[in-house]
Amino acid sequence: MTNLLTQLQQRNSAPRLVEPAPDAAALREMFRAALRAPDHAWLQPWRFVVIEDSARYELGKVFESALLESDTKADEAARDKARQAPLRAPLLVTTICSLTEHPKVPREEQLISSGCAAYAMLLAAEAQGYAGIWRTGSVARSRRVKRALGLQRHEEIVGFLYFGSRKGGAKNLPKREPGQYVSYWESPVD
């Protein structure tokens, strides 16, 4: 395993993913990492749907149906792209936020917690020698896709996590210096 700080500072998405995908043991470790996401009031707002093997083809058909619902004139190239989307990686994990009414934990905080769980899964995959990319797009908001994945009315798709092994090297990302993004607040003088 790599040094955690180095891993955090060098993490980047892998748009080209091939076999092998995380096996059952690796996936279990990824879920264990996800379940440690910040979670105000212990609401545990996240849940996950694993999509692998031939189920990816079926999800592609659902994505195509969702496209045709929103764009009845979608051409064959767009339809094919929608069908092929789940085949970009050997394993997908849909991260879902199950929202709960709570007087101290607003909707946004629960969504952020679920996003942290998704990010923890990406990091845990990398720590085990795999790679991933987080995708959303219009399919994440599609009622048809939500129904097909078994979401309830109080649930939202946070993202589709695509996992496998990185094809090719990691892309070079520009170095970012914290000074460009960080400021220090000082109390205003009256």
Side-chain angles (χ1 to χ4, degrees), residues 1-4 6-37 46-68 74 76-98 114-151 155-173:
M1 279 200 210
T2 60
N3 172 287
L4 179 59
T6 301
Q7 181 186 359
L8 287 165
Q9 292 173 351
Q10 294 179 357
R11 192 220 69 81
N12 68 55
S13 296
R16 298 169 129 187
L17 296 160
V18 295
E19 292 283 355
D23 60 18
L27 195 54
R28 190 170 34 260
E29 293 302 319
M30 292 160 57
F31 287 128
R32 283 186 177 137
L35 300 178
R36 296 302 301 172
W46 3 258
R47 72 179 187 89
F48 310 93
V49 175
V50 178
I51 303 148
E52 57 190 350
D53 303 325
S54 63
R56 296 174 305 136
Y57 293 94
E58 296 306 314
L59 183 61
K61 292 175 188 174
V62 173
F63 282 5
E64 180 185 21
S65 294
L67 169 67
L68 291 172
E76 186 54 39
R79 293 175 67 176
D80 187 57
K81 183 177 179 182
R83 277 192 310 272
Q84 296 298 316
L87 305 179
R88 292 184 262 195
L91 174 71
L92 282 76
V93 177
T94 307
T95 303
I96 298 164
C97 180
S98 295
S114 299
C116 288
Y119 186 58
M121 287 193 70
L122 287 169
L123 293 173
E126 292 268 344
Q128 297 179 88
Y130 299 101
I133 188 168
W134 180 337
R135 298 184 184 269
T136 51
S138 60
V139 291
R141 295 178 298 281
S142 164
R143 279 185 267 169
R144 178 178 293 272
V145 172
K146 290 177 183 181
R147 265 192 321 271
L149 291 172
L151 272 72
E155 295 181 315
E156 296 290 334
I157 294 174
V158 174
F160 297 97
L161 304 178
Y162 288 69
F163 292 111
S165 296
R166 189 181 297 271
K167 183 176 180 182
K171 56 188 169 188
N172 289 325
L173 295 178

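Residue numbers start at 1 and run along the sequence shown.
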Taking side chain as C-beta onward, heavy atoms only, is Gln128 less than 4.5 Å from Pro22?
no
Of Leu151, Val158, Leu149, Val145, which is the lone residue that meets side-chain contact (heavy atoms from CB on, under 4.5 Å) with Thr94?
Leu149
Ring pair (Phe, Tyr, Trp, His ring centres under 6.0 Å) filter on Phe163, not counting sequence neighbours, yields none
Measure the spacing between CG of Leu67 and CZ of Arg79 and express it to the nearest 0.5 Å.
8.0 Å
Could you tell me the separation between the OG1 atom of Thr95 and the CG atom of Leu161, rounded to the nearest 0.5 Å?
4.0 Å
Under the rule for ring pair (Phe, Tyr, Trp, His ring centres under 6.0 Å), what residues qualify as partners of Tyr130, not counting sequence neighbours?
none
Distance col, row Tyr57:OH vs Ile51:CD1, nearest 0.5 angstrom, shows 14.5 Å
What I want to find out is whether Lys146 reaches Glu156 closely enough, with some N-O distance under 4.0 Å, to be called a salt bridge.
yes
Closest non-hydrogen atoms of Ala34 and Met121, given as atom of the first, atom of the second and distance, are CB-CG, 3.5 Å
CZ/Arg32 to CD/Glu29 distance, rounded to the nearest 0.5 angstrom?
4.5 Å
Looking only at heavy atoms, the pair that brings Ala148 and Val62 closest together is CB-CG1, 3.7 Å
Less than 4.0 angstrom from a charged side-chain N to a carboxylate O is my criterion; do Lys61 and Glu64 meet it?
no
With a 4.5 Å heavy-atom cut-off, do Val50 and Leu91 have their side chains touching?
yes
Test item: Arg147 and Arg143 side chains (from C-beta on) under 4.5 Å apart, heavy atoms:
yes
Listed partners of Phe48 passing ring pair (Phe, Tyr, Trp, His ring centres under 6.0 Å), at least two apart
Phe31
Find the distance between CZ (Phe160) and CD1 (Ile133) and round it off to the nearest 0.5 Å.
14.0 Å
Give me the atom names and distance for the closest heavy-atom approach of Ala74 to Leu68.
CB-CD2, 4.1 Å
Set of residues satisfying side chain to side chain donor-acceptor pair (under 3.5 Å) with respect to Arg36, sequence neighbours excluded:
none
Could you go through the salt bridge (charged side-chain N to carboxylate O under 4.0 Å, His left out) check for Arg83 and Glu76 one step at a time?
CA-CA 10 Å; Arg83 277 192 310 272; Glu76 186 54 39; 2.9 Å; yes
Donor-acceptor pairs under 3.5 Å, side chain of residues 165-172 to any protein atom, not counting sequence neighbours: which ones?
unit_1: Ser165; atom_1: OG; unit_2: Pro20; atom_2: O; d: 2.7
unit_1: Arg166; atom_1: NH1; unit_2: Asn12; atom_2: OD1; d: 3.4
unit_1: Arg166; atom_1: NH2; unit_2: Asn12; atom_2: O; d: 3.4
unit_1: Arg166; atom_1: NH2; unit_2: Glu126; atom_2: OE2; d: 3.1

Looking at every heavy atom in both Gly115 and Trp134, which two are closest together, and how far apart are they?
O-CH2, 3.5 Å
Heavy atoms, side chains only, cut-off 4.5 Å: are Pro15 and Arg135 in contact?
yes
Closest heavy-atom contact between Ala37 and Trp46?
CB-NE1, 3.9 Å
Any chance you could lay out the side-chain contact (heavy atoms from CB on, under 4.5 Å) test for Leu27 and Val93, step after step, and finish with the verdict?
CA-CA 10 Å; Leu27 195 54; Val93 177; 4.2 Å; yes
side-chain contact (heavy atoms from CB on, under 4.5 Å) involving Gln10 - partner list, sequence neighbours excluded:
Thr6
Steps toward side-chain contact (heavy atoms from CB on, under 4.5 Å) verdict (Leu8, Leu123)
CA-CA 8 Å; Leu8 287 165; Leu123 293 173; 3.5 Å; yes
Once you round to the nearest 0.5 Å, how far does CZ of Arg47 lie from CD1 of Ile96?
4.0 Å
Nearest heavy-atom approach of Ala120 to Ala33 is CB-O, 3.6 Å
